[in-house]
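First the structure, in the form of C-alpha cells, and then the observations on it.
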Amino acid sequence: MTTVATPSLWPPHSQTTATLLLLMIFSSLVQISWCNQGKVNFREKEKQVLDQILGPGRYDARIRPSGINGTASAGAATLVSVNIYLRSISKIDDYKMEYSVQLTFREQWTDERLKFNNFGGKIKYLTLTDAARVWMPDLFFANEKEGHFHNIIMPNVYIRIHPDGSVLYSIRISLTLACPMNLKLYPLDRQICSLRMASYGWTTDDLEFVWKDGDPVQVVKNLHLPRFTLEKFLTDSCNSKTNTGEYSCLKVDLLFKREFSYYLIQIYIPCCMLVIVSWVSFWLDQNAIPARVSLGVTTLLTMATQTSGINASLPPVSYTKAIDVWTGVCLTFVFGALLEFALVNYASRSDMHRENMKKQRRQCELEHAASLEAAADLLEDGATTFAMKPLVRHPGDALTLEKVRQCEIHMQPKRDNCCRTWLSKFPTRSKRIDVISRITFPLVFALFNLVYWSTYLFREEAEEN
C-alpha cells in the first residue's frame, strides 16, 4: 500500500511560531489561574473563624476561662491585666467631695477557647463590638457615684481576639467618683483621690486583677485643671474581705495639689486690704464720729460677707480649717478697730468731763480767793488789820509750806521715761489711745502673718514629705 504525502498548509517556520504562541497563551492562562487561586479573601476568612470559635454550641460566655495552670479548678484564678488612660479630669468638687474623670479602660486576659489559625500571620486579630459574645470580668468601680458610656457616633468599645487566645477589651467611660478630703490645710492642702476597681462576684480563687507591667496608668499630655495640679499617681492593690470571701481589687491614687494663686488673689489680699482700711479710723479726728462709725461698720460687714461666701463653697466640717483661722483673725482685727473707736469716744467724753470739773474747781477757787480779798479789804478799812493777821498767816504756815515743797520734790520722778515723754505730747487720753493703736494693730497683724504662714507652710511641706 502506497502512502501519499499530503503537503502541509503551513510553512516550517510558521508552524514553529504558532507553537510558541500557543505555549505563551497556555502559560499566561496557568499564571492567571494560579494568581486567582492565591488571592484569598481574608475578611471572609475572619467571618469563618468567628463562626468557628463563637458559633452556636462552640463557646459558652457564662464559663470563665481556664486559670494559670490551664484548668478552671480551684486555685487556678484567671488573671486579668488592667491599664488606664486618663483623658481628662473635668472638675474636683470640694463641697460634694467628688471628682469627674474621663478615661479609656482596658482589660486583657487569655481565653484558650478563642485560639484560631492566623493563616501565616495574615490575620493579626479579630475585632468585636458586642461584649456579650465573650466572657467578661465582673469588674465595677467601688467609689463610683455616677457613670456613663459614650455612644457618639458609634459605641466607643471594642474587643480584640488574638490568635493565641488573648482578649483585649477597651472602652471609653466618664465617671464621677467619691473623693473624701481632709480640709484642715485648705487652701494650702494636697488631696489624694482614688480610683478603685474590684470584682463583684468572683473571689480571688476564681479571678484576680493585676496592673499591666510597664505603664499601667497613662495620662494625657497637657492635662489642665482649673484649681489643681496633678503631681503624681500611685498604683496599688486593695483586696477586700467580706463574709462571702476575698475579692480582688486595684486602685490608683491621684495626688492633687491645690493652686494657691487663685486664693491669694481672691481671699487673702482682699482680707488684708479690709483690715488695713479699718485702721484708717485711727488717723481720723476723734470728733468725726459719723466717718469713723461708718468706716468701721462697713469694713466689718464686708469682712463678714466675704467670710460667709468662703464658707458657702465648703462643706460643714467639725474641725478648723486654715482659711477659718485667717478669716477669723481678720474679722477680729476689724471688729477690734470698731471697739477702739468706742473706747476713744468714751475716753474723749471722760476727758471733757474732767476738763469741765477742773474748770469748775478753778472757778470756785477764784471765787473763794476773791471773797477772801474782799473781806480783807473791809477789815483794812475798819482799822482792824492787826486782828486779821492770825486769819491770813499763823505761825504754822511756814512749816506747812516747807513740808509741801519736800513732798513735791520727793514725788517728782528722778528720770523721765521715753515712752511717757512721747505720750506726754498728746494731752488727752483719747488721742493717746489712737496713737497707740496706730502702732499696736499693724505690729500684731504682722506678727500673726509671720506665725500663720510659717506654721501652715511648714505643715504643708511636712505632709508632702
Side-chain angles (χ1 to χ4, degrees), residues 80-109 124-125 127-129 131 136-137 139-160 162 166-182 186-198 209-238 248-263 460 463-464:
V80 178
S81 177
V82 176
N83 75 309
I84 294 174
Y85 178 67
L86 287 176
R87 294 183 174 273
S88 65
I89 300 176
S90 58
K91 69 172 183 176
I92 301 177
D93 195 335
D94 298 319
Y95 189 84
K96 296 181 179 180
M97 291 193 178
E98 63 184 18
Y99 72 105
S100 299
V101 60
Q102 183 186 125
L103 53 88
T104 298
F105 177 75
R106 303 186 185 99
E107 294 177 305
Q108 192 168 5
W109 65 95
K124 294 182 178 180
Y125 52 81
T127 302
L128 300 177
T129 56
M136 293 292 298
L139 181 141
F140 75 102
F141 295 94
N143 58 335
E144 173 206 357
K145 287 187 175 181
E146 295 179 358
H148 66 272
F149 302 123
H150 294 266
N151 297 319
I152 300 174
I153 299 176
M154 293 293 293
N156 298 168
V157 58
Y158 68 81
I159 298 175
R160 290 178 181 175
H162 294 82
S166 63
V167 182
L168 173 63
Y169 173 71
S170 178
I171 186 171
R172 187 166 73 98
I173 54 179
S174 292
L175 299 171
T176 299
L177 304 167
C179 178
M181 298 181 183
N182 186 354
Y186 178 91
L188 301 169
D189 58 334
R190 284 177 169 85
Q191 299 297 336
I192 298 178
C193 295
S194 299
L195 175 62
R196 296 174 176 268
M197 301 156 287
F209 293 110
V210 294
W211 286 109
K212 182 181 178 181
D213 295 334
D215 198 5
V217 178
Q218 303 167 347
V219 181
V220 65
K221 295 182 179 179
N222 301 323
L223 179 65
H224 177 70
L225 297 173
R227 290 185 298 170
F228 288 88
T229 300
L230 179 60
E231 288 191 331
K232 59 182 178 180
F233 54 85
L234 301 173
T235 57
D236 198 0
S237 60
C238 54
S248 181
C249 174
L250 296 178
K251 71 172 183 177
V252 52
D253 293 331
L254 306 174
L255 179 60
F256 296 101
K257 180 183 178 182
R258 196 181 300 272
E259 290 291 343
F260 180 67
S261 58
Y262 169 81
Y263 301 93
E460 183 187 11
E463 288 194 355
E464 182 181 0

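Computed from a predicted model, the values in this text were never measured in an experiment.
- Residues Leu86 and Phe233 are not in side-chain contact: their nearest non-hydrogen atoms beyond the backbone lie 4.5 Å or more apart.
- For the ring pair (Phe, Tyr, Trp, His ring centres under 6.0 Å) test with Phe105, the passing option among Phe141, Phe209, Tyr169 is Phe141; the others fail.
- Residues Glu107 and Met197 have side chains not in contact (no heavy-atom distance under 4.5 Å, counting atoms from C-beta outward).
- Remark: of the listed residues Ile84, Leu254, Leu230, Leu230 is the sole one forming a side-chain contact (heavy atoms from CB on, under 4.5 Å) with Val219.
- For Tyr125, the OH atom counts as loosely surrounded, since its 6.0 Å shell holds 12 or fewer non-hydrogen atoms of other residues, nucleotides or ligands.
- Contact annotation: the side chain of Ile89 approaches that of Leu223 to within less than 4.5 Å [non-hydrogen atoms, C-beta and beyond].
- Here CD1 of Ile159 is found 9.5 Å from CD1 of Ile171. Values are rounded to the nearest 0.5 Å.
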Side-chain donor-acceptor pairs of residues 95-104 under 3.5 Å, sequence neighbours excluded:
from   : atom 1 : to     : atom 2 : distance (Å)
Glu98  : OE1    : Lys145 : NZ     : 3.2
Tyr99  : OH     : Ser194 : O      : 2.9
Ser100 : OG     : Thr176 : OG1    : 3.4
Gln102 : OE1    : Arg172 : NH1    : 2.6
Thr104 : OG1    : Arg87  : NE     : 2.7
Thr104 : OG1    : Arg87  : NH2    : 3.2

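- At least one side-chain heavy atom of Met181 sits under 4.5 Å from a side-chain heavy atom of Ile92.
- Distance CD/Glu146 to CD/Glu144: 8.5 Å, rounded to 0.5 Å.
- Side chains of Arg258 and Asp94 form a contact here, defined as non-hydrogen atoms less than 4.5 Å apart.
- Within the 4.5 Å cutoff, the side chain of Leu188 has no heavy atoms near those of the Tyr263 side chain.
- In this structure the side chain of Phe256 never reaches within 4.5 angstrom of the side chain of Thr229, judged on heavy atoms.
- With values rounded to the nearest 0.5 angstrom, Leu195 atom CG is found 10.0 Å from Leu250 atom CG.
- Counting heavy atoms of neighbouring residues, nucleotides and ligands inside a 6.0 Å radius, atom CZ of Phe140 exceeds 12 of them.
- Nearest approach of Pro226 to Ser90, heavy atoms of both residues: CD-O, 4.5 Å.
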| Trp211 and Val82: side chain to side chain contact (heavy atoms under 4.5 Å, CB included), yes or no, with the steps? | CA-CA 5 Å; Trp211 286 109; Val82 176; 4.2 Å; yes

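- The two residues Asn143 and Arg196 come nearest to each other via the heavy atoms OD1-N, 3.3 Å.
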Below 3.5 Å, can you tabulate the donor-acceptor pairs from side chains in residues 147-155 to any protein atom, sequence neighbours excluded?
from   : atom 1 : to     : atom 2 : distance (Å)
His150 : NE2    : Ser174 : OG     : 2.7

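- Here the CZ-CZ distance, from Arg106 to Arg160, works out to 9.0 Å after rounding to the nearest 0.5 Å.
- Judged by distance alone, the side chain of Trp109 and the main-chain N or O of Val167 form no donor-acceptor pair under 3.5 Å.
- Here NZ of Lys257 is found 4.5 Å from CZ of Arg190. Values are rounded to the nearest 0.5 Å.
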